[in-house]
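See structure below.
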Amino acid sequence: MANTKTTTSKSTASKKQEDKIAKLEKQIAEQQNQISQLIEALQGNANTLQNNNVRSNDLGADEEILVVSLTPNKLNLVGDGGVVLFSFDNMYEEQYIDYASLKEIVRLNRVMAKNGRFYIMDERAVNKLRLKNDYKSVLSPEQLKKLLVSNTDNALDLYKLANDSQKRTIIEMVKQFIFNGKAIDYNLLHGLEEASGVNLSDVEDATQIEVE
């Protein structure tokens with residue numbers, strides 16, 4: 001009888017051990033299945049995001065792009081045949097231009113586009129029109145608006161960052177400020193005189209502006 005009890009106990013222990021192992025294997029299989037489903041879901045989300053990014057970077061011919069004039073006088077943007085497609089009367093004036101027309105304008109007025117005579121407020125359009133590198137030295141409308149009311153160091157840093165065409169625009173902005181009786185910090189004025197080599201103390205009629 002003693003041997004029978006011992007054998008029965010061992011069998012019961014073995015059965016419990018096998019059940020425990022089976023249960024663990026089942027849990028592991030379920031966890032692996034959950035992990036696989038999670039990976040598939042994440043991959044699906046990644047593909048969706050990638051597709052959305054591709055779609056979002058596409059520009060239709062009729063899509064309207066915000067363009068801002070950065071010229072302190074009238075600005076005409078011409079297309080094929082010298083036809084004026086869009087006209088800006090004032091600096092910082094905003095207009096929406098369809099991408100097809102904007103592409104034509106940049107193709108025919110590439111120097112103006114590269115110099116920042118007008119600013120394209122859409123990074124997708126800037127990239128597609130191959131202006132990304134040029135825009136590294138083109139100040140945005142917001143930067144130009146803040147330049148003459150910034151502290152001296154920041155303003156001079158912005159001036160030095162700008163390309164030559166925009167530097168001339170900034171000097172003309174200063175002249176307009178002075179001519180219109182607006183106060184400009186003396187240190188900033190002196191710093192801009194040194195950086196530009198232009199005497200800003202004697203300002204003539206600022207309405208006679210020539211910007212290249």
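Minimum interatomic distance between G79 and L108 (heavy atoms only, all atoms of both residues): C-CD1, 3.1 Å. Nearest heavy atoms, Y96 versus F86: O-CE2, 4.1 Å. Of all heavy-atom pairs spanning E172 and P72, the tightest one is CB-CG, 4.4 Å. Closest of all the heavy-atom pairs between Q143 and V138 is OE1-O, 4.3 Å. The heavy-atom pair separating S165 from R117 by the smallest distance is OG-CD, 4.4 Å. Nearest heavy-atom pair, M173 versus M91, reported as atom, atom and distance to 0.1 Å: SD-CE, 3.7 Å.
In this structure, T71 contributes its side chain and N73 its backbone to no donor-acceptor pair below 3.5 Å. In terms of modelled atom types and a separation under 3.5 Å, the side chain of E63 and the main chain of Y99 share no donor-acceptor contact. E194 places no side-chain N or O within 3.5 Å of a backbone atom of G191 that could act as its donor or acceptor partner. No side-chain donor-acceptor contact under 3.5 Å links Y119 to the backbone of Y92. Although no hydrogens or angles enter the test, the distance criterion places a donor-acceptor pair under 3.5 Å between the side chain of N180 and the main chain of Q176.
The side chain to side chain donor-acceptor pair (under 3.5 Å) test applied to D122 returns R124, not counting sequence neighbours. For the side-chain contact (heavy atoms from CB on, under 4.5 Å) test, residues two or more places apart in sequence or in another chain that qualify with N127 are E123, K132.
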inquiry  = Does F88 form a side-chain contact (heavy atoms from CB on, under 4.5 Å) with L77? I'd like the steps, not just the answer.
reply    = CA-CA 8 Å; F88 297 78; L77 299 180; 3.6 Å; yes
key: Worked check of side chain to side chain donor-acceptor pair (under 3.5 Å) between D185 and T152   = CA-CA 8 Å; D185 181 82; T152 301; 3.2 Å; yes
task = Please step through side-chain contact (heavy atoms from CB on, under 4.5 Å) for the pair L148 and F177, ending with a clear verdict.
result = CA-CA 9 Å; L148 296 183; F177 259 63; 3.6 Å; yes
message = Could you walk me through whether L192 and L156 satisfy the side-chain contact (heavy atoms from CB on, under 4.5 Å) test, starting with their C-alpha distance in whole Å, then the side-chain angles of each, then the deciding distance to 0.1 Å, before giving a yes or no?
response = CA-CA 7 Å; L192 288 173; L156 291 176; 3.8 Å; yes
ask   = Should Q166 and L70 be marked as a side-chain contact (heavy atoms from CB on, under 4.5 Å) after you check the CA-CA gap, both sets of side-chain angles, and the distance that decides it?
value = CA-CA 9 Å; Q166 276 203 321; L70 295 184; 3.6 Å; yes
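Every pair tested for ring-ring contact (aromatic ring centres under 6.0 Å, His included) that includes a residue from residues 153-175 fails, sequence neighbours excluded, so the list is empty. Identified under the salt bridge (Lys or Arg N to Asp or Glu O under 4.0 Å) test for residues 94-104, with sequence neighbours left out: none. Listed by first then second residue, pairs satisfying side-chain hydrogen bond (donor to acceptor under 3.5 Å, both in side chains) with a partner in residues 76-88 read N76-S87, D80-R107, not counting sequence neighbours.
Residues M121 and L75 are members of one and the same hydrophobic cluster, defined by side-chain heavy-atom contacts under 4.5 angstrom among Ile, Leu, Val, Met, Phe, Trp and Tyr.
Other residues, nucleotides and ligands contribute more than 12 heavy atoms inside 6.0 Å of the NZ atom of K145.
Applying the 4.5 Å side-chain rule to ILVMFWY residues, one finds V78 in the same cluster as V84.
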